[in-house]
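Only heavy atoms go into these numbers, but all of them, side chains included; no hydrogens, no water, no symmetry mates. For ligands, and for the atoms within them, numbers begin at 1 and follow the listed sequence.
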Amino acid sequence: MKTLAVISRKGGAGKTTLSVNLALAAHLAGRRTILADIDPQRSASDVLRGRAADGPVLLESSAGKLHQARFHAEHEVFDLMVVDTPAAPDADVVTAVNVADLCLLVCRPTFLDIAAVARSAEAVRRLGKSGLIVLNQAPAKRGGVEPSSVVKAAEALRFCGLPLAVVGLRSRTAFQQSIAHGRSVLEWEPAGAAAQEIGRLWSQVATQLHLTEADLAAVRAG
Ligand SMILES: Nc1ncnc2c1ncn2[C@@H]1O[C@H](COP(=O)(O)OP(=O)(O)O)[C@@H](O)[C@H]1O
Ligand SMILES: [Mg+2]
């Protein structure tokens, strides 16, 4: 089993949006998925509880119980555990990083988010963990031109010592509307731009975590 920790020391960056969408992407791709919500705000839990269709198993937990949760999830033959984390305290974020095989650092294209991600990236590297930075809530292109905030953010994030994800996520109403119905953007608007972004991000995460169809077929073949 692989563990993906979705982190950002800033509230509102998009941790819950990405945790839910990636856990659902994994579930829809046939991966046995558990979403561990260790944020006392329980936003991810609110989303999944509002879901009509089947979905990832929800575990309402805390940082203190995360090691044990991973042990049990592994024992129950899950393929993936996604951990939705709080912005603080730091110790809880560090615990999530420690149990993770891959950390997804969520960052809006703003000065304060970038500064926070730079510190988180350093912590991830110090703990010897793999990380991927994803830009979220990027404003749309205007007349085909990338807004300077996005260009500058991408440049600054290059110096964080962790790679940027192959795709950034734009600010899109589909992310807000789908979650209000307990659904991923993949289900909400399968042919939409938000679904395309999540599809590409999931594909990169699955590849890095060796959770692609080909990886699983190889495991089954022994
Ligand atoms: N790519 C996006 N486009 C539009 N709205 C977004 C996007 N990502 C997040 N949001 C919105 O931003 C707010 C904060 O997102 P959330 O996932 O709760 O952040 P966090 O868990 O980091 O606090 C929510 O209202 C959510 O719907
Ligand atoms: Mg959240």
Side-chain angles (χ1 to χ4, degrees), residues 4-25 35-51 55-56 58-63 66 81-90 92-93 95-97 100 103-110 112-117 119-121 124 131-142 146-147 149-150 153-154 157 164-189 192-202 204-205:
L4 174 73
V6 182
I7 66 171
S8 148
R9 259 105 175 193
K10 288 283 172 205
K15 295 177 287 298
T16 298
T17 302
L18 279 174
S19 297
V20 167
N21 273 283
L22 289 173
L24 279 164
L35 195 158
D37 183 0
I38 66 160
D39 185 348
Q41 281 187 15
R42 297 284 184 250
S43 299
S45 306
D46 287 341
V47 176
L48 286 187
R49 266 197 257 100
R51 184 175 168 79
L58 171 66
L59 178 70
E60 296 186 51
S61 193
S62 62
L66 206 47
M81 180 165 86
V82 177
V83 185
D84 185 21
T85 64
D90 262 9
D92 286 9
V93 182
T95 302
V97 171
C103 302
L104 194 63
L105 287 72
V106 188
C107 183
R108 288 166 295 198
T110 68
L112 291 176
D113 268 42
I114 294 164
V117 159
R119 275 193 287 275
S120 297
V124 168
L132 197 56
I133 301 172
V134 63
L135 262 183
N136 186 34
Q137 303 185 49
K141 284 184 181 174
R142 281 213 200 125
E146 194 66 76
S149 62
V150 179
L157 290 170
L164 254 185
V166 288
V167 62
L169 311 186
R170 302 272 175 197
S171 183
R172 301 187 189 280
T173 52
F175 283 108
Q176 298 170 2
Q177 290 170 341
S178 55
I179 234 167
H181 293 83
R183 300 173 78 182
S184 69
V185 290
L186 296 170
E187 301 159 291
W188 185 253
E189 212 175 56
Q196 203 168 60
E197 290 168 353
I198 287 296
R200 287 185 66 196
L201 184 61
W202 163 244
Q204 182 174 19
V205 166

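If you check the side chains of Thr173 and Gln176, you find no donor sitting under 3.5 Å from an acceptor.
Without hydrogens or angle criteria, Arg170 side chain to Pro139 main chain gives a donor-acceptor distance under 3.5 Å. In this structure, the side chain of Asn136 engages the main chain of Ala13 through a donor-acceptor pair within 3.5 Å.
Taking 2.8 Å as the threshold, Thr16 counts as a candidate ligand of the Mg ion (ligand 2), since one of its N, O or S atoms lies below it.
Heavy atoms of Asn136 found under 4.0 angstrom from ligand 1 belong exclusively to the side chain.
Taking a 6.0 Å sphere around CD of Gln41, one finds it holds 12 or fewer heavy atoms contributed by other residues, nucleotides or ligands. Residue Glu60 qualifies as enclosed at atom CD: its count of foreign heavy atoms under 6.0 Å is above 12.
Here the shortest heavy-atom distance to atom 5 (N) of ligand 1, taken over Arg9, Gln176, Lys15, belongs to Gln176. Heavy-atom proximity to atom 7 (C) of ligand 1, evaluated over Arg170, Gln177, Gln137, is greatest for Gln137.
Using a 4.0 Å cut-off between charged nitrogen and carboxylate oxygen, Glu189 and Arg172 do not count as a salt-bridge pair.
Considering backbone and side-chain atoms together, Gly14 places an N or O closer than 3.5 Å to an N or O of ligand 1. At least one N/O-N/O distance between Ala13 and ligand 1 falls below 3.5 Å.
In this structure, Ser171 has a heavy atom closer than 4.0 Å to ligand 1.
Pairs of residues two or more places apart, or lying in two chains, never qualify as salt bridge (Lys or Arg N to Asp or Glu O under 4.0 Å) while including a residue from residues 11-22.
If you check which protein heavy atom lies closest to atom 15 (O) of ligand 1, you get Thr17 OG1, 3.7 Å. Remark: minimum distance from atom 4 (C) of ligand 1 to any protein heavy atom is reached at Arg172 O, 3.2 Å. Regarding atom 23 (O) of ligand 1, its nearest protein heavy-atom neighbour is Gly12 N, 2.7 Å. Taking atom 18 (O) of ligand 1 as the reference point, the nearest protein heavy-atom neighbour is Thr16 CB, 4.0 Å.
Distances below 4.0 Å separate heavy atoms of Phe175 from the following atoms of ligand 1: 1 (N), 2 (C), 3 (N).
For the atom pair OG (Ser120) and CG (Leu105), the distance works out to 5.5 Å, reported to the nearest 0.5 Å.
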